[in-house]
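Here's the structure, in C-alpha cells; my notes come after.
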2 protein chains.
Amino acid sequence: MLLRHHDAANLAAECARCGVRSASVCAVVPDEDIEQLATYTQHLEFEAGQTFINQDEPAEDFFVVTEGHARLCTLMPDGRRQVTGFASPGQFLGLAADGNYAFNAEALTPLKLCRVTRHGLKLLMSQFPQLEQRLLTEASRELSVAQGRMLLLGRKTARERLASFLTEHAGMAACRDVIVLPMTRTDIADYLGLTIETVSRTLNALRRDGLIEIDHVTRIRLLDRPALEDIAAGGA
Amino acid sequence: MLLRHHDAANLAAECARCGVRSASVCAVVPDEDIEQLATYTQHLEFEAGQTFINQDEPAEDFFVVTEGHARLCTLMPDGRRQVTGFASPGQFLGLAADGNYAFNAEALTPLKLCRVTRHGLKLLMSQFPQLEQRLLTEASRELSVAQGRMLLLGRKTARERLASFLTEHAGMAACRDVIVLPMTRTDIADYLGLTIETVSRTLNALRRDGLIEIDHVTRIRLLDRPALEDIAAGGA
DNA sequence: TGCTCGCCTTGACCTAAATCAAACGGGTTG
DNA sequence: CAACCCGTTTGATTTAGGTCAAGGCGAGCA
C-alpha cells in the first residue's frame with residue numbers, strides 16, 4: 001500500500017482511499033469535502049537528519065510517509081537510545097501517541113510526508129469509516145511486529161538479531177537478495193539492542209561463513225537466504 | 001475500564017458500551033440485535049495453567065478478559081520464551097492477530113473471559129462504530145507500551161528492568177505501594193528478558209538497598225517509590 | 001594529490017548477566 | 001510426620017557482548 005506524492009487535497013483523498021483499496025473512490029469525495037479536508041492536511045518535505053517528531057511533545061499531528069525513510073527512536077536521559085522502527089513509504093506515524101508522542105522521528109534520507117491534524121483525521125474517519133478500519137488493521141499489524149521485536153530484544157543472540165534484521169529488510173526490498181541500508185551502523189545497533197562494534201563483528205562473521213557479501217558498507221547481498229531465515233528463527 | 005461478569009448477551013452489549021463510556025447505552029441496543037450478537041458471543045472460564053490461545057493457530061476469535069490474569073508469550077523452537085505481556089480484567093486479546101495468532105495465552109489465575117468471533121466483532125463494530133474507535137485507541141495505547149518495552153529490553157540494566165516492572169505494577173495495583181504478583185519468577189524473567197537467578201538476585205539487591213520489602217515471594221512492598229521510578233527511567 | 005572528517009573495522013580487555021550447581025523453603029501426599 | 005516436589009535463593013564460574021583504544025577507508029574538498 002504505497003501512497004504517492006500529490007498535492008494536499010489529493011493526499012487527503014488518497015488517505016481515504018487506503019481504506020477502500022479502490023482508485024475509483026476518489027471520484028465520490030465531494031469537492032467541498034476535499035476543500036474542507038485540505039485545511040487539515042499538509043504536504044511536508046524534510047532533509048536527511050531533520051527531526052520532525054519530538055518525544056514528549058503533545059501529539060497534535062498524524063503523518064503518512066510518501067517518500068524516503070525515517071527512523072523512530074526513544075531516548076533515555078543519559079543518552080541511551082532504542083530505535084523502535086524504521087518508516088518507509090506508506091507507513092502511518094503518530095498512532096502510538098497517547099497525549100504526547102512517545103518517540104522521536106528523524107529523516108534518514110530526503111523525506112516527503114503528508115501531515116493531518118488530529119482534528120482532520122477525525123473528520124476523515126467520520127467521512128470514510130473504512131479509513132478507521134484500515135488504521136485498526138495497520139495498528140494490529142504493528143502490534144504483531146512489536147511482539148516479534150520483543151522476542152528479538154529479549155531472547156535472541158547477536159547473530160540471530162542480525163540474521164533477523166537482514167531477512168526482514170530483504171523481505172521488502174525490490175531486488176530480493178540485495179539490500180541497500182538507508183541507515184548507519186549506529187542506527188542498526190540501536191535498533192537491535194547491540195553496539196556498533198558487535199554489529200560490525202557479527203556481519204563479518206556472517207560474511208566469513210559465506211552467508212552474505214558486503215559490496216559496500218550500505219549494500220549487502222544475501223547468499224543463502226534460507227540459512228539466514230533459519231538462524232533468524234533460532235533454528236534448533 | 002473494567003468489564004464485569006455477565007451472561008453472553010449482556011457481555012456483547014458491555015463490549016459495545018466500552019466505546020461510548022455510558023451505561024445508558026445498553027438500553028438502546030434492540031433486543032433482536034442482542035439475540036443476534038449472542039450467537040457470536042460466548043462466556044468462557046479457564047483454570048490456572050490452561051492455554052486458551054495457541055501461537056500459529058488461525059486467529060478466529062477475539063477476547064475480553066473479565067476476571068483473573070493471563071500471560072501472553074511467544075516461543076522459539078528451542079524453548080526460549082519471551083513473555084510479551086500480562087492481561088488483566090478489561091484487556092482485549094487477539095487484536096495483534098494477522099491471520100494466525102502471534103502468541104500463546106495462558107491463564108495465570110482462574111480466568112473468565114468473553115469470546116467474540118471475528119464475524120461477531122465485525123457485526124458489533126458496524127452496529128457500534130464507537131467500539132471500533134475504542135479498539136483503535138486501545139491498540140494505540142498498546143503500541144506506546146510496546147515501544148517502552150523495546151527500550152527496556154534493548155537498553156536497560158537488570159536493576160532498571162526490575163524497577164520498571166515494580167513501578168508499572170504498582171501503578172495499577174489497588175493499594176498503591178503493596179503489589180501481589182500473580183506470576184512466577186520464571187514469568188517475570190521471561191517478561192524482562194533475564195534469567196530467574198538474575199531476577200532473584202536483583203530483587204534482593206533492591207531489598208538490601210532499602211527500596212523494597214519482600215513479605216512473601218509474591219508480595220512486595222515498595223518503600224521508596226520515587227527512587228524506584230528514578231531507577232526505572234535510567235535516572236542520570 | 002593529499003587533507004580531513006565521519007564512519008566503520010579490528011584488536012585487547014572487562015564486566016553484567018548467564019550458566020552450572022547446590023541447598024532451601026513450604027506446601028502437598030502417603 | 002517424613003518424603004517429595006517445585007519454585008526460589010545463593011554461590012562459583014563462564015561467556016557473550018560491551019568498553020576502550022587504535023587504525024583504516026572512502027567521500028568531499030582544496
Side-chain angles (χ1 to χ4, degrees), chain A residues 47-49 71 76 78-83 106 108-109 152-166 180-209 212-220 231 234, chain B residues 47-49 71 76 78-83 106 108-109 152-166 180-209 212-220 231 234:
Chain A
E47 292 164 27
R71 179 217 309 143
M76 289 177 69
D78 62 1
R80 273 177 285 173
R81 202 176 69 140
Q82 177 66 42
V83 172
E106 185 174 332
L108 284 175
T109 62
L152 180 145
L153 292 169
R155 291 296 179 218
K156 289 190 183 176
T157 65
R159 191 179 173 86
E160 289 163 355
R161 292 180 200 209
L162 263 300
S164 302
F165 175 76
L166 293 173
V180 177
L181 304 172
M183 71 291 282
T184 66
R185 292 284 185 271
T186 305
D187 290 331
I188 299 174
D190 285 343
Y191 183 61
L192 299 177
L194 300 169
T195 59
I196 47 172
E197 292 94 332
T198 302
V199 168
S200 180
R201 277 188 254 270
T202 308
L203 280 176
N204 277 314
L206 291 174
R207 184 175 50 70
R208 270 196 306 278
D209 295 348
I212 61 172
E213 246 171 35
I214 306 177
D215 303 357
H216 181 73
V217 194
T218 61
R219 212 178 113 90
I220 294 177
I231 294 170
Chain B
E47 292 164 26
R71 180 219 306 145
M76 289 176 71
D78 63 359
R80 274 176 284 173
R81 203 176 67 141
Q82 177 66 43
V83 172
E106 186 175 331
L108 285 174
T109 62
L152 180 145
L153 293 169
R155 291 296 180 218
K156 290 190 183 176
T157 64
R159 192 180 173 86
E160 288 162 356
R161 293 180 199 209
L162 262 302
S164 302
F165 176 76
L166 293 172
V180 177
L181 304 172
M183 72 291 281
T184 67
R185 291 284 185 273
T186 304
D187 290 331
I188 299 174
D190 286 342
Y191 182 61
L192 299 178
L194 300 169
T195 59
I196 47 171
E197 293 94 330
T198 301
V199 169
S200 181
R201 276 188 254 272
T202 308
L203 280 176
N204 277 315
L206 292 174
R207 185 176 50 70
R208 270 196 306 279
D209 295 348
I212 61 172
E213 248 172 34
I214 305 175
D215 303 359
H216 181 72
V217 195
T218 61
R219 212 179 112 92
I220 294 176
I231 293 169

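All heavy atoms count here, side chains included; hydrogens, waters and symmetry mates do not. Labels below follow one simple rule: chain letters A, B, ... track the order of the sequence lines, proteins then strands, and each chain is numbered from 1. On a predicted model such as this, the values are computed, not experimentally measured, just so you know.
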Nearest-neighbour nucleotide for the B:Val217 side chain, C:dA17, D:dT19, D:dT9 considered: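 Of C:dA17, D:dT19, D:dT9, D:dT9 is nearest to the side chain of B:Val217.
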
Of all the nucleotides listed (C:dT9, C:dA18, D:dT10), which has the minimum atom distance to the side chain of B:Leu194?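 So the side chain of B:Leu194 is nearest to C:dA18.
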
Round to a whole Å and report the spacing from [atom1] of [X] to [atom2] of [N].
| X | N | atom1 | atom2 | answer |
| --- | --- | --- | --- | --- |
| A:Leu206 | C:dT9 | CG | C1' | 15 Å |
| B:Leu162 | C:dA16 | CG | C1' | 14 Å |
| A:Leu203 | C:dC7 | CG | C1' | 14 Å |
| A:Glu197 | C:dC13 | CD | C1' | 13 Å |
| A:Leu192 | D:dG18 | CG | P | 11 Å |
| A:Arg155 | C:dA17 | CZ | C1' | 11 Å |
| B:Lys156 | C:dA16 | NZ | P | 19 Å |
| A:His216 | C:dG6 | NE2 | C1' | 13 Å |

Between [X] and [N], does any side-chain N or O lie under 4.0 Å from OP1 or OP2?
| X | N | result |
| --- | --- | --- |
| B:Asn204 | D:dT9 | no |
| A:Thr184 | C:dC7 | no |
| A:Thr198 | D:dG17 | no |

Look at the side chain of A:Arg161 against the base of D:dG17 and say whether a donor-acceptor pair falls under 3.5 Å; ignore hydrogens and angles. no

Report yes or no: is there a donor-acceptor pair, N or O only, under 3.5 Å between the side chain of B:Arg201 and the base of C:dT19?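 Between C:dT19 and B:Arg201, which were checked side chain against base, a qualifying N/O pair under 3.5 Å is present.
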
Contact check, side chains of A:Leu162 and A:Leu194, non-hydrogen atoms, under 4.5 Å: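 In contact.
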
With a 4.5 Å heavy-atom cut-off, do B:Arg185 and B:Leu203 have their side chains touching?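 Of all side-chain heavy-atom pairs linking B:Leu203 with B:Arg185, at least one is under 4.5 Å.
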
Of A:Thr195 and B:Ile214, whose closest DNA chain D nucleotide lies nearer the 5' terminus?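 With B:Ile214 and A:Thr195 compared, the 5'-side residue is B:Ile214.
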
Counting N and O atoms only, with roles assigned by atom type, does the side chain of A:Asp187 sit under 3.5 Å from a partner on the main chain of A:Met183, one being a donor and the other an acceptor?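 No.
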
Judged by atom type as modelled, is there a donor-acceptor pair below 3.5 Å linking the side chain of A:Arg161 to the main-chain atoms of A:Leu153? yes

When you compare the side chains of B:Arg207 and B:Asn204, does any donor N or O come within less than 3.5 Å of an acceptor on the partner? yes

By nearest nucleotide on DNA chain C, pick out whichever of B:Thr157 and A:Met183 is the more 5' one. A:Met183

